[in-house]
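All heavy atoms count here, side chains included; hydrogens, waters and symmetry mates do not. None of the values given here were measured: they were computed from a predicted structure. For ligands, and for the atoms within them, numbers begin at 1 and follow the listed sequence.
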Amino acid sequence: MDKFRIAGGRALAGEIPVSGAKNAALPVLAACLLTEEPVTLHRIPRVRDIRTMESLLQYTGAEVDAAADGTVRVHAAKITAPEAPYEVVKTMRASSLVLGPLVARTGRARVSLPGGCNIGDRPINLHLAGLERLGAVIHQDQGYIEAQAPGGLRGAVVHFDRITVTGTEDLMMAAVLARGETVLTNAAREPEVVDVANLLMKMGAKIEGAGTSTIKISGVERLSGTSHTIIPDRIEAGTFLIAAAMTRGDVLVTGCEPEHLTSLLVKMQQAGVDVGPEGTGALRVRVPGSLRSVDMKTEEHPGFATDLQAQFMALMTQASGISFITETIFENRFMHVPELLRMGANIRVEGRQAIVAGPVKLAGAPVMASDLRASASLVVAALAARGETVIDRVYHIDRGYEKIEEKLRHAGAQIERIA
Ligand code: EPU
């Protein structure tokens, strides 16, 4: 199992480029199952979750050609197995994103239930309830969800009891080939949802309102091939901004979309970080004085992203005062806390709230990555810590960050991968 060895205490400097968004690329790849024509995608990050999704598409019968430069061509001329087996789904929960496209395209799908995950229970009941509203008949058998809609799906009003990102994407992909109109209410407004809608519209789908809480979809008979470039990864960009601030560096994060990062930028500015746009698609970050603690609560977009909570908590260990950090999206997303404590942080968890007292001098230590974003927080903490940190189980970080050690090394970090 690979590890990262990081010698901390160096200010990051220079440019760090951002890759395509993993969480947009995953549903966009699934959407390619909706047409028998080829779809060409650009800026697909070469990370492990994407390779998993590509294997899943191949399992269903699609041809997938992935080039090292991030261009991926998917051709689902025929779907021979409308299935997502447990072996794939257990390693990547987002596999449930093929459910909507498979039922819409073939009238049936068999998808393993994902089971629990490190950050919470993460059920898919809202995906299933939505598909039932569109006329699918759903059974559960031996850990699998079987969805059938032999006569095709039909449009309906689908209200989400709670906002779900992949649930919104899954239902939108199902509805584009359904008969008649579908209205999704209390839909997720994440930029990744908008990116999927943009791809679907290029394929010929009729969608209005993506990016708002009400999405209207008029079903069409068939979709065609197209090409599409994935949006930049706002979580990766945010992680680099925090890493730069943690190390009191001076960094230009390039190839990003500042508008997708407003809630983070506002919090960083309140904490005393000088961060803002420089030119187009770039953010400059510096720390002119000392950092101040600010409170933060995770929320659905445009609120503060849960995927940046762990990294922001690491930053707050360097700020003077007390910061209350509240996690409202996932019930178990503080796995990084015990590891940050081993590096000298002063954090107490009470239910869904973490209370961070700072500033502390972090010191390197052997630590363990527990999930994707928790690992990212350990990396940023290690960059700011005195001495050496060894992070075990970096396969978690490889699920979603493309060449993170190379990118950070270019900005002056001392980080190496050890096998
Ligand atoms: N939920 C339900 N029932 C459902 C679906 C969701 O109760 O059917 C609950 C979840 O358990 C959670 C909340 O609703 O408490 C929100 O979950 P959501 O469905 O929005 O999460 P997701 O779609 O499974 C995506 C990202 C996550 C990100 C969340 C929240 C992808 C592939 N994954 O997950 O990304 O944290 O939205 O923004 O888009 C990551 O990249 O590290 C990651 C975990």
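- Of all protein heavy atoms, the one closest to atom 42 (O) of ligand 1 is Arg373 NE, 2.9 Å.
- Distance alone, capped at 3.5 Å, places no donor-acceptor pair between the Asp2 side chain and the Val394 backbone.
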Set out, in order, the CA-CA distance, both residues' side-chain angles and the distance that settles ring-ring contact (aromatic ring centres under 6.0 Å, His included) for Tyr86 and Tyr144, then state yes or no.
CA-CA 8 Å; Tyr86 178 61; Tyr144 278 77; 7.6 Å; no
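- Atom 25 (C) of ligand 1 has its closest protein heavy atom at Val165 CB, 4.0 Å.
- The protein atom (non-hydrogen) at minimum distance from atom 34 (O) of ligand 1 is Arg122 NH2, 3.2 Å.
- Taking a cutoff of 4.0 Å between a charged side-chain nitrogen and a carboxylate oxygen, Arg417 and Asp398 qualify as a salt bridge.
- Only side-chain heavy atoms of Arg333 come within less than 4.0 Å of ligand 1; its backbone N, CA, C and O stay farther off.
- Listed by atom number, the atoms of ligand 1 under 4.0 Å from Ala94 heavy atoms are 32 (C).
- Taking a cut-off of under 4.0 Å to the non-hydrogen atoms of His127, the atoms of ligand 1 that pass are 8 (O).
- With respect to Glu402 and Arg48, no salt bridge is recorded, no charged nitrogen being found less than 4.0 Å from a carboxylate O.
- Here the heavy atom of the protein found nearest to atom 26 (C) of ligand 1 is Asn23 ND2, 3.6 Å.
- For ligand 1 and Lys22, the ligand atoms under 4.0 Å from any heavy atom of the residue are 40 (C), 41 (O).
- Looking only at protein heavy atoms, the nearest one to atom 23 (O) of ligand 1 is Thr166 OG1, 2.6 Å.
- Residue Thr306 has at least one heavy-atom neighbour below 4.0 Å for each of these atoms of ligand 1: 30 (C), 36 (O), 38 (O).
- In Ile329, the parts holding a heavy atom less than 4.0 Å from any atom of ligand 1 are both the side chain and the backbone.
- Among Glu192, Glu190, Arg162, Glu331, the residue whose heavy atom lies closest to atom 9 (C) of ligand 1 is Arg162.
- Ligand 1 has at least one atom lying under 4.0 Å from a heavy atom of Arg93.
- Geometrically, ligand 1 and Pro123 share a nitrogen or oxygen pair separated by less than 3.5 Å.
- By the 4.0 Å heavy-atom criterion, Glu327 is excluded from the residues contacting ligand 1.
- His75 contributes a side-chain N or O that, together with a main-chain N or O of Glu36, makes up a donor-acceptor pair within less than 3.5 Å.
- Contacts of Leu126 with ligand 1, taken as heavy-atom pairs under 4.0 Å, involve both backbone and side chain.
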So Thr214 and Leu184, side-chain contact (heavy atoms from CB on, under 4.5 Å) or not? Walk me through it.
CA-CA 6 Å; Thr214 305; Leu184 306 180; over 6 Å; no
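- The protein heavy atom nearest to atom 21 (O) of ligand 1 is Phe330 CZ, 3.9 Å.
- Ion pairing between Glu388 and Arg5 holds under the 4.0 Å rule for side-chain N and carboxylate O.
- Contact check for Glu192 versus Glu169: side-chain heavy atoms found under the 4.5 Å cut-off.
- Between the side chain of Glu327 and the backbone N or O of Ile329, at least one donor-acceptor pair lies under 3.5 Å.
- Counting only distance, with no hydrogens or angles, the side chain of Lys3 and the backbone of Glu416 share no donor-acceptor pair below 3.5 Å.
- When side chains are defined from C-beta on, Leu126 does not count as touching Leu128, because their heavy atoms never get closer than 4.5 Å.
- Protein heavy atom closest to atom 43 (C) of ligand 1, with residue, atom name and distance, is Asp307 OD1, 3.4 Å.
- The protein heavy-atom contact nearest to atom 3 (N) of ligand 1 is Asn125 OD1, 2.7 Å.
- Considering only heavy atoms from C-beta on, Leu383 comes within 4.5 Å of Leu408 through its side chain.
- For ligand 1, the polar-atom distance check finds no N/O of Leu372 at less than 3.5 Å from any of the ligand's N/O atoms.
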